[in-house]
Amino acid sequence: MTFYEQNAMRNEMKMISHLDKTSYLNLCKSILRLDQNVLFVGIINDHGRLVDFAKKQNKMIQNLENIDLDMICMQARLYISMQSDHDKNLGRFGHCITEREKITTLTIPTIYGTVLVISSNKTDSKELVKKIFQVTDDSCFAQILDPC
């Protein structure tokens, strides 16, 4: 696929991908309910900014809400962007699980934005990713590997 064809496809996907604010919030809430250990779900746009989010009351999330959350969102988006540089040789990027001492983050690219999930370490991350794919596909929010 040529550079111009790729740009045309990206522009078309951006037009398809517009959802209203309520749809983003509903999706975030649906993912938040998938596991009791999920603390935060956000949708990040191509510029690394939160489009919308849902969260549970939790001290750790409250501590993140200042500048740290913005930085985490920008880093997640940048990571996905950098991973896409290798798509031609390695195949498309599916998702990223980052385990830290206190939390686990899931980063999942979609045609509508990046889904960022922050959960406690008690969560079975791989199982949660499968559930998120079901929710996003069932709600017609995204088709990760083969966009419509």
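Everything quoted here is computed from the prediction, not taken from an experiment.
- Judged by distance alone, the side chain of Ser81 and the main-chain N or O of Arg77 form no donor-acceptor pair under 3.5 Å.
- Looking at every heavy atom in both residues, Asn37 comes nearest to Lys122 through ND2-CB, 3.7 Å.
- Counting heavy atoms from C-beta outward, Leu50 and Leu69 have side chains that approach closer than 4.5 Å.
- Remark: Ser120 OG to Lys102 NZ distance equals 13.5 Å, nearest 0.5 Å.
- Contact annotation: the side chain of Ile44 never approaches that of Val51 to less than 4.5 Å [non-hydrogen atoms, C-beta and beyond].
- Residues Asn45 and His47 share a closest heavy-atom pair of OD1-N, 2.9 Å.
- Take Thr104 and apply the side chain to side chain donor-acceptor pair (under 3.5 Å) test, not counting sequence neighbours, and it matches Asn121.
- In this structure, Leu32 and Lys55 have side chains that are not in contact, with every pair of non-hydrogen atoms separated by 4.5 Å or more.
- Contact annotation: the side chain of Met74 approaches that of Arg49 to within less than 4.5 Å [non-hydrogen atoms, C-beta and beyond].
- A 4.5 Å side-chain heavy-atom check between Phe93 and Ile80 finds at least one atom pair inside the cut-off.
- Between Phe40 and Leu116, some side-chain heavy-atom pair lies under the 4.5 Å cut-off.
- Contact detail for Cys73 and Gly48: the closest heavy-atom pair is CB-O, 3.4 Å.
- Side-chain contact between Thr107 and Val115: absent, with no pair of heavy atoms (C-beta onward) separated by less than 4.5 Å.
- The two atoms that bring Phe53 and Gly42 nearest to each other are CB-CA, 3.9 Å, heavy atoms only.
- With a 4.5 Å cut-off on side-chain heavy atoms, Thr114 and Ile43 do not count as touching.
- We find that Lys131 and Asp35 are not joined by a salt bridge, their nearest charged nitrogen and carboxylate oxygen being 4.0 Å or further apart.
- When the side chain to side chain donor-acceptor pair (under 3.5 Å) test is applied to Glu101, no partner is found at least two apart in sequence or on another chain.
- Minimum interatomic distance between Ser125 and Leu106 (heavy atoms only, all atoms of both residues): CB-CD2, 4.0 Å.
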